Amino acid sequence: MGAAACDAAVEELARLLDQVDAPLKETFQNVHQGYPTETLLRFLKAREWHVSKARDMTPIIPADLYRSIRDTHLVGLSGYSKEGRPVFAIGVGLSTYDNTLAHYYVQSHIQINEYRDRIILPTVSKKFGRPISTCIKVLDMTGLKLSALNHMKILTAISTVDDLNYPEKTETYYIVNAPYIFSACWKVVKPLLQERTRKKIHVLHGCGRDELLKIMDHSSLPHFCQQEGSRSSKHSPKDIDSCFSFDHPFHQELYHYIEEQGLNQEHIKQESLHVNIPEQDPEDAKIVQVIEAEFHKLGVQQNALWQLLQHRLTGGEAPASRYLPASVSKRMPAPTPTARSMV
């Protein structure tokens, strides 16, 4: 292509980019880093000088889609342990997954893993002068409900991705703010796990602050561990102080990294990318079945208790066995006569 045609293509592409929305303009500015013409030339060369195709390369990951993933899949980097391991915070109980975006959650998880392995771990290894190849995960169970069963497909897909592609990358899992529903499931799931995995999982009392301060400074504690009662529910994922927030430095750096990687690999819009959800390991499938069964049992008990409470509040005298499974009704006290029942 001649110089004049080349200049004309660059001018046309620049004109098209000048018409896009502000978020995409900001994306392009972050990518070109002060060298817009050279970056436009790179786009055009990658698409054999087709201006319209080069233009479609720019919105790699729309900010609104990325933000929606961050607002519903609560995960972030809160800091580092005293030994240099990255500390990832995960809001298990309050993540409100959209099942229609399952593939995007898996893709987002892969992107975080890749950023961890390619950028974060090499950086801390260099800083500490020794190889650091694993991270720490703090899982907040605040708000965990039976409805979490509806998201089991997404959760198992993410777990399977880790097992198949990123094995042994987590040094320790710390469980905090665990409600009864977690304790009940953990009791039946724990014996099914391999001993190596069981040793990695530590269920801490309350928010776990005191235990976690033994391995990390206060500044690296996830926001839901900084004091008793400081659970995730008190921190919106839109709060910049929350490591879950799209505006948190970690997610801003990650987002820009993903943009640059997408451009370098000549990817197009994220909407057209598709991540296949891998097949689950048979042993893991058994564990999921146990969890589902336990959730179902807890749901039956919860509904039965609610019905019993309603009945007693209205003055009924029906025995607990009418509503509850035998294992539960045996533990229930006999109904106390009410003024209404004695009339």
Side-chain angles (χ1 to χ4, degrees), residues 17 20-36 39 57-81 84-91 94-98 101 104-127 132 135-138 140 158 216-226 232 234-265 267-271 273 275:
L17 290 178
V20 302
D21 295 335
L24 292 182
K25 286 183 180 179
E26 183 178 354
T27 295
F28 181 63
Q29 290 172 357
N30 291 330
V31 171
H32 69 59
Q33 295 293 313
Y35 299 94
T39 303
M57 291 178 65
T58 57
I60 301 302
I61 299 179
D64 55 349
L65 175 59
Y66 188 88
R67 186 181 291 274
S68 69
I69 296 297
R70 294 281 61 82
D71 288 348
T72 52
H73 179 198
L74 304 182
V75 60
L77 179 72
S78 66
Y80 298 86
S81 73
R85 291 189 177 91
V87 178
F88 285 92
I90 304 173
L94 291 175
S95 289
T96 55
Y97 299 99
D98 182 344
L101 299 177
Y104 293 120
Y105 290 120
V106 174
Q107 180 179 353
S108 175
H109 182 72
I110 292 173
Q111 290 166 338
I112 291 176
N113 282 354
E114 289 295 312
Y115 185 69
R116 175 198 64 198
D117 293 351
R118 296 170 182 263
I119 303 297
I120 295 176
L121 291 176
T123 299
V124 294
S125 295
K126 183 177 180 180
K127 177 180 178 180
I132 297 177
C135 67
I136 291 171
K137 292 183 179 179
V138 184
D140 180 25
I158 289 175
M216 68 184 73
D217 294 332
H218 188 274
S219 60
S220 290
L221 286 175
H223 57 273
F224 50 78
C225 295
Q226 292 180 1
S232 298
K234 294 187 178 181
H235 295 262
S236 166
K238 298 180 181 180
D239 182 354
I240 192 171
D241 292 330
S242 164
C243 63
F244 298 152
S245 171
F246 172 75
D247 297 315
H248 188 274
F250 165 70
H251 283 296
Q252 287 295 299
E253 293 167 7
L254 171 62
Y255 181 70
H256 295 153
Y257 171 80
I258 294 170
E259 288 178 322
E260 293 174 0
Q261 290 299 303
L263 288 173
N264 291 336
Q265 296 172 20
H267 285 169
I268 56 175
K269 296 181 181 180
Q270 176 160 340
E271 290 96 330
L273 297 178
V275 176

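These numbers were taken from a predicted model, which means no experiment stands behind them.
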Evaluate the side-chain proximity of Phe244 to His223: yes if any heavy-atom separation is below 4.5 Å, no if none is.
-> yes

Does the pair Arg67 and Asp247 meet the rule for a salt bridge (Lys or Arg N to Asp or Glu O under 4.0 Å), with working shown?
-> CA-CA 9 Å; Arg67 186 181 291 274; Asp247 297 315; 3.6 Å; yes

Approximate separation, where rounding is to 0.5 Å, of Ser245 OG and Leu74 CG | 10.5 Å

Any side-chain heavy-atom pair from Leu221 and His218 closer than 4.5 angstrom?
-> yes

Does the side chain of Ile69 reach to within under 4.5 Å of the side chain of Phe246, using non-hydrogen atoms?
-> no

Ignoring hydrogens and angles, tell me if any N or O in the side chain of Thr72 forms a donor-acceptor pair with the backbone of Tyr97 under 3.5 Å.
-> no

CD1 of Ile112 to CD1 of Ile258, rounded to nearest 0.5 Å, is 7.5 Å

Does Arg70 reach the side chain of Val75, with side-chain heavy atoms less than 4.5 Å apart?
-> yes

For Tyr66 and His251, run side-chain contact (heavy atoms from CB on, under 4.5 Å): C-alpha distance rounded to whole Å, both residues' side-chain angles, the deciding distance at 0.1 Å, then the answer.
-> CA-CA 10 Å; Tyr66 188 88; His251 283 296; 3.6 Å; yes

Could you tell me the separation between the CG atom of Asp117 and the SG atom of Cys135, rounded to the nearest 0.5 Å?
-> 8.5 Å

Side-chain touch Val106/His109, heavy atoms, less than 4.5 angstrom | no

Check whether any side-chain heavy atom of Phe224 sits under 4.5 Å from a side-chain heavy atom of Val138, and report yes or no.
-> yes

Dump the intermediate steps for side-chain contact (heavy atoms from CB on, under 4.5 Å) on Ile158 and His73, then the final yes or no.
-> CA-CA 11 Å; Ile158 289 175; His73 179 198; 3.9 Å; yes

Check: Ser78 main-chain N/O paired with Ser220 side-chain donor or acceptor under 3.5 Å = no

Just how far is it from atom CG of Asp98 to atom OG of Ser68, taken to the nearest 0.5 Å?
-> 8.0 Å

Taking all heavy atoms of Tyr105 and all of Thr96, pick out the closest pair and write down the distance.
-> OH-O, 4.3 Å

Indicate yes or no for a side-chain donor-acceptor contact from Ser95 to the backbone of Gly91 under 3.5 Å, with no hydrogens or angles considered.
-> yes

List the steps and the verdict of side-chain contact (heavy atoms from CB on, under 4.5 Å) for Gln107 and Ile110.
-> CA-CA 5 Å; Gln107 180 179 353; Ile110 292 173; 5.6 Å; no

Residue pair Leu77 / Cys243, side-chain heavy-atom distance below 4.5 Å | no

Any chance you could measure Gln111, atom CD, to Tyr104, atom OH, to the nearest 0.5 Å?
-> 11.5 Å

Would you call the rings of Phe88 and Phe250 parallel, tilted or perpendicular, where under 30° means parallel and over 60° means perpendicular?
-> perpendicular

Between NZ on residue Lys137 and CZ on residue Arg85, distance to nearest 0.5 Å = 14.0 Å

